[in-house]
Protein chains: 2
Amino acid sequence: MQNLNILIEQFSYGITAGMKNEKPIATVDIVLMTLQDDALRVALYERENEPFSGAFGLPGGYVHVNEDNDLDAAARRVLREKAMLKGVYLEQLGTFSGVKRDPRGWSLSGAYIALLPEDRFEDVRLASVDPMPRKLPFDHSTIIKAAIARVRQKSVYSTLPTFLMPNEFTIAELRDVYQIILQIEKIDLAGFRKKILDLRAIEPVDGKMRTGTHRPAQLYRRAVKDIALFDRTI
Amino acid sequence: MQNLNILIEQFSYGITAGMKNEKPIATVDIVLMTLQDDALRVALYERENEPFSGAFGLPGGYVHVNEDNDLDAAARRVLREKAMLKGVYLEQLGTFSGVKRDPRGWSLSGAYIALLPEDRFEDVRLASVDPMPRKLPFDHSTIIKAAIARVRQKSVYSTLPTFLMPNEFTIAELRDVYQIILQIEKIDLAGFRKKILDLRAIEPVDGKMRTGTHRPAQLYRRAVKDIALFDRTI
DNA sequence: GGAATAGTGTCTCTAAGACAATATGGA
DNA sequence: TCCATATTGTCTTAGAGACACTATTCC
């Protein structure tokens, strides 16, 4: 009965609006990023449904109005269902829209950025973003480019890159990740250490060290749930 | 005939999806901001339609899939129709969504920030944002708060506030606007002058000066279409 | 001349960057 | 021992901030 009501509502919506306001398609797409082989990469999944069935693209799907409380929830559900991932860093990138981007018609896609250390992936195609993968479905190239730009820009003044690190990491390893993201040759480790520690965004894991053929390095973990902001830049 | 087809399509969408994927309502809302009486203010319009008919809220409306090429176009149309404004600074703030925010049902609203000098307004209720207006419809309070936060944060390192200035303005007037937005007491004018001029984001209007009971001040205009970014902060 | 603000110059001090010095493990 | 990298410390320098000084108008 409730379904019938919704159907009638949907029907009358079109009529009362004089057919001008039929609703757009509403989806979410996730730019799931990680670092692999010293480069930023994006997870691509083989599409099971039309359109573009069989092609590799961003994980995404319809908003399920009976299941998702909001767009964030839809994004987390897609991450769960398509990538079997929970508890990852997730932020809304923006909404991509228009009459042309989806062959099914006028569509709105809430695009999200998710960041994850490489060790949490299994059996996924991780595509390099430089150069961009060819022939992605929909406007996924545009979305990925915007995501990369956002991550690069935000990394200049925040601890966003810590979400690409495994649970425990050394300061030098974190510095290396900043260098890869920001495409900077050599960030001085001494200065980097002071800035990141002054911010108190990471904390030492007592007694745990990274060993090797050198002086052992203190291991750190992220000390805050969200990103922290620098006064100026890295 | 085309209308009938769309109607059938809409109908069959619900059926084939087993009633799980009926589409959300899709709207746009504009946070139209300006400076008046040394304070940031937001334009509110009286709603003509249900829900919340008669209440004052952000200008907004349905996405018209037969009329708007994308969400940006929908936002510009709303600005034209409700505020009779063209050619204003417009940026996407984010998308606000959920099952609860609109009594009509699950909805997605693409929220936009528009900035405008006060002299371009006519007959509009400009509401102070500190404190926030009471009892706004939908989640407009949340949207406005997010807009204010975005404008404040972005003003720290960009020339965004120039879009709140009239065509011609002095450097001291621009400094005053930064002070209001950033809630800083006294930004040193000499340092501000050097930074803003080094960026080449504004240019002098030859021969035009602001006069008064003091040495005349050079008038400037914005030299670039978009915002420019500072290396560090204001 | 006095008041008011525009615009320029100068001094100080902080902090970023470069890099030297020292520490500590493994081979 | 040497090698490699971690960690700390020091020096230099650019730039931000404070503020003094000069300029130019109206009264």
Side-chain angles (χ1 to χ4, degrees), chain A residues 38 155-159 162 165-166 168-180 182-221 223 228-234, chain B residues 38 155-159 162 165-166 168-180 182-221 223 228-234:
Chain A
D38 296 341
S155 297
V156 171
Y157 63 89
S158 82
T159 56
T162 58
M165 307 302 291
E168 300 180 350
F169 51 87
T170 69
I171 290 182
E173 288 163 359
L174 181 58
R175 188 270 314 259
D176 292 345
V177 169
Y178 271 94
Q179 290 188 161
I180 292 166
L182 299 179
Q183 301 175 297
I184 293 175
E185 281 303 310
K186 277 217 144 302
I187 296 173
D188 181 77
L189 187 55
F192 181 79
R193 172 190 308 277
K194 202 182 320 176
K195 279 197 208 178
I196 199 93
L197 290 179
D198 281 356
L199 202 59
R200 298 178 187 284
I202 63 173
E203 60 191 12
V205 185
D206 278 351
K208 296 197 80 176
M209 311 292 274
R210 169 91 68 238
T211 55
T213 168
H214 53 70
R215 173 173 172 180
Q218 176 66 52
L219 285 173
Y220 290 82
R221 68 163 79 91
L229 303 180
F230 292 96
D231 279 349
R232 314 243 166 180
T233 64
I234 271 292
Chain B
D38 296 340
S155 297
V156 171
Y157 63 89
S158 81
T159 57
T162 59
M165 307 302 290
E168 300 179 350
F169 52 87
T170 69
I171 289 181
E173 288 163 359
L174 181 58
R175 189 272 312 258
D176 292 345
V177 169
Y178 271 93
Q179 290 188 162
I180 292 167
L182 300 179
Q183 301 176 297
I184 294 176
E185 281 302 312
K186 278 216 144 304
I187 297 173
D188 181 78
L189 188 55
F192 181 79
R193 173 191 308 280
K194 204 184 316 178
K195 281 198 207 176
I196 199 91
L197 290 178
D198 281 356
L199 201 59
R200 297 178 188 285
I202 64 173
E203 61 191 12
V205 185
D206 278 352
K208 296 197 80 175
M209 312 292 273
R210 169 89 70 236
T211 54
T213 167
H214 53 72
R215 173 173 172 178
Q218 177 64 53
L219 285 173
Y220 290 81
R221 66 163 80 90
L229 304 181
F230 292 96
D231 280 347
R232 314 243 166 176
T233 64
I234 271 291

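In the text below, chain A, chain B and the rest are named by the order of the sequence lines, each starting its count at 1. What's counted below: heavy atoms across the whole structure, side chains too, no hydrogens, waters or symmetry copies.
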*Selected nucleotide, minimal atom distance to B/Pro216 side chain, candidates D/dT7, D/dT24, D/dT8*: D/dT24

*Ignoring hydrogens and angles, tell me if any N or O in the side chain of A/Gln218 forms a donor-acceptor pair with the backbone of A/Val205 under 3.5 Å.*
yes

*Test B/Leu199 against B/Phe230 for side-chain contact (heavy atoms from CB on, under 4.5 Å), laying out the working first.*
CA-CA 7 Å; B/Leu199 201 59; B/Phe230 292 96; 3.6 Å; yes

*From the list D/dT7, C/dA16, D/dA23, which nucleotide is the closest neighbour of the side chain of A/Ala217?*
D/dT7

_Rounded distance (Å) that lies between atom P of C/dT5 and atom CD of B/Gln218_ = 19 Å

_If I take atom CZ in residue B/Arg232 and atom P in nucleotide D/dG17, what distance separates them, rounded to the nearest angstrom?_
11 Å

*Are A/Glu203 and A/Arg221 close enough, and set up right, to give a side-chain contact (heavy atoms from CB on, under 4.5 Å), and what steps lead you there?*
CA-CA 6 Å; A/Glu203 60 191 12; A/Arg221 68 163 79 91; 3.3 Å; yes

*In whole angstrom, what separates B/Asp198's CG from D/dA16's P?*
9 Å

*Could you state the CD1-P distance from A/Ile234 to C/dG17, rounded to the nearest angstrom?*
9 Å

*Do other residues, nucleotides or ligands put more than 12 heavy atoms under 6.0 Å from the CG atom of B/Asp206?*
no

*Could you check how far CG of B/Asp231 sits from C1' of D/dG15, rounded to whole Å?*
11 Å

*Which of these nucleotides, C/dC19, C/dT8, D/dA6, is closest to any side-chain atom of B/Ala190?*
C/dT8

*Remember a base hit wins even if backbone is also touched, and classify B/Ile171 as base, sugar-phosphate or nothing at under 4.0 Å, heavy atoms.*
nothing

_Pairwise distance NZ(A/Lys195) to CG(A/Asp231) - rounded to 0.5 angstrom_ = 10.0 Å

*Would you mind reading off the distance between B/Phe230 atom CZ and D/dG15 atom C1', rounded to a whole angstrom?*
15 Å

_Rounded interatomic separation in angstrom, taking NE2 from A/His214 and P from D/dT1_ = 21 Å

*Using the closest heavy atom to pick a nucleotide of DNA chain C for each, name whichever of B/Leu189 or A/Arg215 lands nearer the 5' end.*
B/Leu189

*Looking only at side-chain N and O atoms, does A/Arg193 come under 4.0 Å of OP1 or OP2 in D/dT7?*
yes

_Applying a 4.0 Å non-hydrogen cut-off, can you work out what B/Ala172 is touching in the nucleic acid: base, sugar-phosphate, or nothing?_
sugar-phosphate

_Could you tell me how far apart A/Leu197 (CG) and C/dA16 (P) are, to the nearest whole angstrom?_
14 Å

*asked:* Over all strands shown, is B/Lys194 touching base, sugar-phosphate only, or nothing at heavy-atom distances under 4.0 angstrom?
replied: nothing

*Considering only D/dC19, C/dA6, D/dT7, which nucleotide approaches the side chain of B/Asp188 most closely?*
D/dC19

_Nearest-nucleotide comparison on DNA chain D, the residue closer to the 5′ end among B/Lys186 and A/Gly191_ = A/Gly191

